[in-house]
**Q** 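Input: one structure, supplied below.
Sequence lines set the chain letters: A, B, ... in the order given, protein chains first and strands last, and positions in each chain run from 1. Below, all heavy atoms of this structure are taken into account, side chains as well, without hydrogens, waters or symmetry copies.
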Number of protein chains: 2
Amino acid sequence: MVTIKEVAHIAGVSIATVSRVLSNSDYPVSQQTRATILKVAGEVGYSPNRAARSLRTERSSLIGVILDNFSSQWAPVIVRGIQDVLLKKGYFTLVVNIPWEKHSRADVVKDLMGHSVDAFVFVETWYPVRERLDMINKKPYVIVHRLFHESDPHSIIPDETYNSSLVVKHLLDLGHEKVAYIAGDANYFSSSQRLGAYLDTMRAAGLGIRDGWIAQGEWCIPSGYQCAQRILSHVEMPSAIVAANDGLAYGALLAVLDAGLKVPDDIAIVGYDNNDISCISNPTITTVSLPLFLMGQIAAENLLCQLQTSDREYAEQLIPGELIVRQSCGAPEGVEVYARDFLRATAE
Amino acid sequence: MVTIKEVAHIAGVSIATVSRVLSNSDYPVSQQTRATILKVAGEVGYSPNRAARSLRTERSSLIGVILDNFSSQWAPVIVRGIQDVLLKKGYFTLVVNIPWEKHSRADVVKDLMGHSVDAFVFVETWYPVRERLDMINKKPYVIVHRLFHESDPHSIIPDETYNSSLVVKHLLDLGHEKVAYIAGDANYFSSSQRLGAYLDTMRAAGLGIRDGWIAQGEWCIPSGYQCAQRILSHVEMPSAIVAANDGLAYGALLAVLDAGLKVPDDIAIVGYDNNDISCISNPTITTVSLPLFLMGQIAAENLLCQLQTSDREYAEQLIPGELIVRQSCGAPEGVEVYARDFLRATAE
DNA sequence: CTTGACACAGTAAACGTTTTCTGATAGGGT
DNA sequence: ACCCTATCAGAAAACGTTTACTGTGTCAAG
């Protein structure tokens, strides 16, 4: 690689001057020399040696991104949002996948510190890495998360309460009064938040909830199937089911269909997450989409802000989602919609 | 951060000795001093400064991974395969998403060179970055790709021909003799490879193909829908349809169902890719899964090999896929299977 | 005419490693 | 007793930057 030395030699100036021009220092350099240096640097294809720069400045232009499940439907979108902002500012990201079980979690933080990353982003991984808090606290960081909740001012979180109420209200607007609920895994904070939003919305509308209408599920399709069966077996059947995520909703959909009922005519179903599953299933499932790309962008902006101004007051940010109306609660749509939805989901 | 200097001081030796011990050099160091150095290093939590090391050795322990669409269903799995191998060897990956349209492609390679990455992996992005070949050629690199084909000895490619024949043969084994085909976008090399495998397999079995049985599609659901409609309108209807990917297969499935026919009873359908869509649809779709995680692992192993032995002969590697039998061609399965498949697809 | 300020450029030190070179000690063969 | 070799340890240079410091020359204010 061509070094600053060669550029300086060709341009007939000292390396200090070249450095000042090429690192956008605000040190005064005459327009004349500045121009020739830029010209020479461009011609010889100079690119600064990041290792040397990093060694000297103790900044690396590297951001560590630690996430739990890389091949989930959410993580990559968040990461792209993060990169969308950071790449433009000259930052690269070191994306590391920490499987939940692995004991190597703590080491990852240490290793990333070794690479002197300038900051951290934790996507759903705050809980397991807290044991390295002493290290992490030395750098700016942001937490992007959904399922767990530990109050931390650096957090960017979907507004679970608002989002869940969106989808319940939608059912009420359509005239439903007997609405059942399938909850997510009780260990997750978001489960209780979503359930709470359902309860509050029903109460605010003055609607009652029968005993067997709330089923405790576990985030997955079979669980949704079983929960729906339990709900359907209750003496007074609901006219609609709210599921805590799209997997549960899809399971419920299968159960309702298997019971010989029609969706949405006999029972309406809504989900949460805007998972692929909700726009591929037949009928497609009304759900709530989370602005994951945006959340990534916000996380990155937040980080840049921290990197520039060292001292600042932080506060949790709650990000609202968007209601996606599909067939499972009564909207009339054709096959083109499947496709459009699916393509949008995979393309952007 | 604590430096090598402090470790040396505490251990009462020179920094040279510390370096030799901690960087696993094979320079002779007495067991005595080696032990004390390791002890001290552990106690003070020493972690080498990568920038300094990188500056000196011109190696960074960083691998640049450039891919096209980060939030596709394939890319993250490949990346995880890559990281699975590389992380264990102490390498981090700089994963960068280059959208197809962006003109900034070339700069990414340059910037990664600036970070002195030790090697490159191109996932589906070989075509656009070739203009930086002069730079890339200085480092080891591997190409992981599917859709395009430029012969290059550093390639790791799914064995499209073998994989496609798997699924066609499966239909023939089930007794089908009238098999139609929906092809992918004609611009893609893999389209013609898959089509070729279909033609060859049919010919080898001595089976004829009617004129209207081969439809030219475009990789997406609506296209599959239209192609299937065209095929169904032909005077002699096939008993099975092979689609070049799962999107097309799903579109075809919808068209067949809309035509009042049953799947698989009246018409069997098979896809390709083992996309989520194929295990969520109703009925689920028989398809071919590509060993993406494995391909990532192989790519990384290949890279490590190149990094160790500078000179070596390379050859394209063709990776076989696996037939995934589901409902759309006659296998009897229940609702549990949807769930099991889906969970497996998202979990691992 | 002096003084101070300012605009600009260069010198050299420093960042934390790795590695070459030099040196010291010990042991073994003659 | 001598030399040679092997084993170990340290001194110091080098990697490519950034930046504090020093040194010019110019120009305006006194």
**Q** Given A:Q83 and B:N97, is the side chain to side chain donor-acceptor pair (under 3.5 Å) satisfied, shown in steps?
**A** CA-CA 8 Å; A:Q83 290 193 342; B:N97 193 74; 5.9 Å; no
**Q** With a 4.0 Å cutoff (strictly under), does any side-chain N or O of B:T33 reach OP1 or OP2 of D:dC8?
**A**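 Answer no for this pair, as no side-chain N or O of B:T33 is under 4.0 Å from OP1 or OP2.
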**Q** Which residues in residues 36-45 of chain A have a heavy atom closer than 4.0 Å to any atom of DNA chain C?
**A**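 Residues of residues 36-45 of chain A that come under 4.0 Å of DNA chain C do not exist, since none gets that close.
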**Q** Quick one: list whatever passes side-chain hydrogen bond (donor to acceptor under 3.5 Å, both in side chains) with A:D118, sequence neighbours left out.
**A**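 Checked A:D118 against side-chain hydrogen bond (donor to acceptor under 3.5 Å, both in side chains); matches are A:S60.
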**Q** Quantify the bending of the helix from C:dC1-D:dG30 to C:dT30-D:dA1 as the angle between its end axes, each fitted on five pairs, to 10°.
**A**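 That helix gives 50° between its end axes.
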**Q** Is the closest side-chain heavy-atom distance between B:I82 and B:Q297 below 4.5 Å?
**A**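 No - every pair of side-chain heavy atoms lies 4.5 Å or more apart.
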**Q** Assess whether a salt bridge exists between A:R80 and A:D84, defined as any Lys/Arg side-chain N lying under 4.0 Å from an Asp/Glu carboxylate O.
**A**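 Salt bridge: no.
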**Q** How does protein contact run along nucleotides 16-21 of chain C, one letter per nucleotide 5' to 3', with B for base contact, S for sugar-phosphate only, - for none, heavy atoms under 4.0 Å?
**A** BBBBBB
**Q** Below 4.5 Å, heavy atoms only, C-beta onward: do B:V144 and B:V142 meet side chain to side chain?
**A**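 Yes; the side chains approach each other to less than 4.5 Å.
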**Q** Could you pull out all residues at least two apart from A:F92 that satisfy ring-ring contact (aromatic ring centres under 6.0 Å, His included)?
**A**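 For A:F92, the residues satisfying ring-ring contact (aromatic ring centres under 6.0 Å, His included) (neighbours in sequence not counted) are B:H115.
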**Q** Check the side chains of A:T33 and A:S30 for a donor-acceptor pair under 3.5 angstrom, ignoring hydrogens and angles.
**A**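 Side-chain D/A pair, A:S30 to A:T33: present.
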**Q** Give a yes or no on this: more than 12 heavy atoms of other residues, nucleotides or ligands lie within 6.0 Å of atom CD of A:E43.
**A**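 Yes, CD of A:E43 has more than 12 neighbouring heavy atoms, counting only those of other groups under 6.0 Å.
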**Q** Look up atom CZ in B:R59 and atom CZ in B:R50, then write down how far apart they are to the nearest 0.5 Å.
**A**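 It comes to 11.0 Å.
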**Q** Among all residues two or more places apart in sequence or in another chain, which pass the ring-ring contact (aromatic ring centres under 6.0 Å, His included) test with A:F120?
**A**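 So A:F120 forms a ring-ring contact (aromatic ring centres under 6.0 Å, His included) with A:F122.
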